[in-house]
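The structure appears below as structure tokens.
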Amino acid sequence: MTIDRWLSRIPIDSPSAFMKQVPTIAGFAIAAIIALIPNGVPVTNVPLFWGGMGLVAIASALAAVVPWRRFHSEWTVVVPVLSLLAVALLRLGTGSSVSPFAVLTLLPFVWIATEEGRVNILIAAVGTFIVLFAPLVIDGGTRTPGDVVRAFFSPLIYLIVAIVINEIAHRMRLQVKAAHESAEQQQALLAQAVVAQDELVLNEARLKTANRLIQSIWNAVTEQSVIGTDLDGLIDVWNPGAEKMLGLTEKQVLDGKHHVIDFHLHEELEQRLQEMDARFTTVSSIDDFSALVDTVRAGSADVRDWTYVRPDGKRVAVQVAATPRLDENGHRVGFIFVATDMTQAREFARLKDEFVGLISHELRTPLSSILGYLELMRDDDESPLSEEQLQYLGVAERNAHRLLRLVGDLLFTAQVESGRFPLEIKDVDLGGVVSTSVESSAPVAANAGVTLVSEVPDRPVEVRGDPVRLGQAVDNLVSNALKFTPRGGTVTVALRPDGEQAVIAVTDTGIGIPAVELSQLSQRFFRASTATRNAVPGVGLGLTITKAIVTAHGGRLDIASEEGVGTSISIVLPVETPQPVTEAIPRAEVTK
Amino acid sequence: MSDADARAKRVVIADDDDDIRGLMTIAATRAGVEIVAAVDNGRAALDAVRAGDVDLAVLDISMPGLNGVEVAEAIRSDELTRSTLILMVSASVQLLTDHGVVADRSDSFIVKPFSPRVLSARIREMLELEEPA
């Protein structure tokens, strides 16, 4: 081990009290050797000489044994102060004023002067003064004027030196402290940087994962086109689905020249603009792009059927959901158009319509024969039927009509589902509708032993609607009420105006419907448990159709029922229905 | 009274369903008209009308070959047969309305199932015939 490496292991920055005492111990050891060797420094006073040696030994022992770090730092100066007194005794024992060991004063003096606190300057100066002045007091015989002057002058110089040393030590301590603090701060910053770097690495990994997920999803969306634009409709996002649907690659489209309306059917945009023109719009200047995003600009998502036109001229029927595209602050910076190819769905709807038409035809044709020939039998004047035969014929006719109604109901339900709802809107007096329905149901009520009551006000209650469909709705409710009311009960059909509404309430004293089933009543083919329990005939289409008719007239169906007490179902219609909900087509029975 | 008024009204009936066609024939006979032909396809119906002097064609829409609409168009487009009245019959309201049958190509229509009494009355009404005693 080299001396440099050995010295480097000594804790110079914060030496212990014993380490500070080592130079003094070495000094006294050298002094002892010099005094004890033959022809060395003569020991003039043996007790004082050994007293000095003993005192420095005690001071050194205290420096080594006492755990000074546990005490306040000021107490540490006890060791050099004792060492100063030992130097004083050594001088007195080795020739007083002429003793060569006065120089040992420097070692404890420097220690005291370097300690923190201005008071140590005084301690160092006073201690030095005692060391230098003691021989003059105790050994008065050898005193000279020069000794006296030196005894006062030297401590003064020591005082100045102590001040300088103390200040330098103070500043060094401050610098060391600052350096320590700086090092600690750097260490803390380094630790933070390491943590931040770890987080950065982690976040980067997460970001890559998220990006990969988004990219996977993006690439997986091949059946919907996703087109993003800026606020003016210039395309800057084009997904694989758009490539597939419209036949252009992302590179071909994202050239800053393609506008989303380039892929729309111009006539549709114009038609939409005409519709918008009839109402308040959110833009002052109307252009084709506004036809696509007017609703989105107003703050709502817009889902609408459009036709895309590919560059090769091929048309694609699509349903487009247009939504705003927002930046990180929530400000709208463009639009997103997600389009689904509806070609197959519309083809399916067309096939369904065809199927419904076919079924309707195929079922109605044999029923036409059955009913027609039954009527011929009934009307045959040449060979009239017996009463019994007429009764049988009546049963056959009734069931054929029942089958016909069922076919009609199924067809009507299919029409409602496909959006083709036949309505012929005109002014309708609901009083007439109610009276007709009650009159036609009177024979059924009489057979069932149920009292059928009609409550119609004297003055007309008019709405805009289809009288035949409204009659069908009321017929359904009355038919249901009669079926669900036991013999001896009452069914009341009441019409009343109610402000801007007209209400037709059909109330019975029947078996009622459990409360938990009320919400399911207008579902197709749903039958209340009370209906199945009491074997009431029906298939569960009547209320579905009634609700569809009422809804198409802008009205609603209110249902209240209590099991064992009765049911009240009200058709609530607006007096002024703004427009037919679906396109009206002429009724079959109308003849030119 | 012209010759046309003096003779019995001549009617062609076309429906691919034998039973319905029979029913139509009975109803028309009860209306007091002469059945020129009762056929099961559109081509035969058109030929019968073109054969001459037919006052009314009762045509089902859904027929093989020429359908009722196509027969009606052919009758309307021919100068010789243009005056023949057309009564269209179908089980589908949609078919009657989708093709503009009511508005453009027929004089009246009736929906299956129909009452023979109603069909008789309709034929008499169209041909301005008195109700038989």
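For clarity, every value in this text was computed on a predicted model and none was experimentally measured. Heavy-atom basis, side chains included; hydrogens, waters and symmetry copies ignored. Proteins get letters first, then strands, A, B, ... in listed order; numbering begins at 1 in each.
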So CG of B/Leu23 and CG of A/Leu376: to nearest 0.5 Å the spacing works out to 5.5 Å
Please classify the contact between B/Leu119 and chain A as side chain, backbone, both or neither, with a heavy-atom cut-off of under 4.5 Å. neither
Would you say B/Ile26 and A/Tyr373 make side-chain contact, with heavy atoms under 4.5 Å? yes
Please check if atom CZ in A/Arg315 has more than 12 non-hydrogen atoms from other residues, nucleotides or ligands closer than 6.0 Å. no
Please report the interatomic distance CZ(A/Arg364) to CZ(B/Phe114), rounded to the nearest 0.5 Å. 13.0 Å
Tell me, yes or no, whether the heavy-atom count around A/Glu387 atom CD, taken from other residues, nucleotides or ligands under 6.0 Å, exceeds 12. no
Nearest atoms (heavy-atom pairs only) where A/Glu375 meets B/Arg117: OE2-N, 3.0 Å
I need the single residue from A/Ser369, A/Ser368, A/Pro366 that forms a side chain to side chain contact (heavy atoms under 4.5 Å, CB included) with B/Pro113. Which is it? A/Ser368
Could you look at B/Asp19 and say if it's the side chain, the backbone, both or neither that has a heavy atom under 4.5 Å from chain A? both
Taking atom NZ of B/Lys112 and atom CG of A/Leu367, what is their separation to the nearest 0.5 Å? 12.0 Å
Spatial distance of atom OG (B/Ser115) from atom CG (A/Asp379) [nearest 0.5 Å]: 7.5 Å
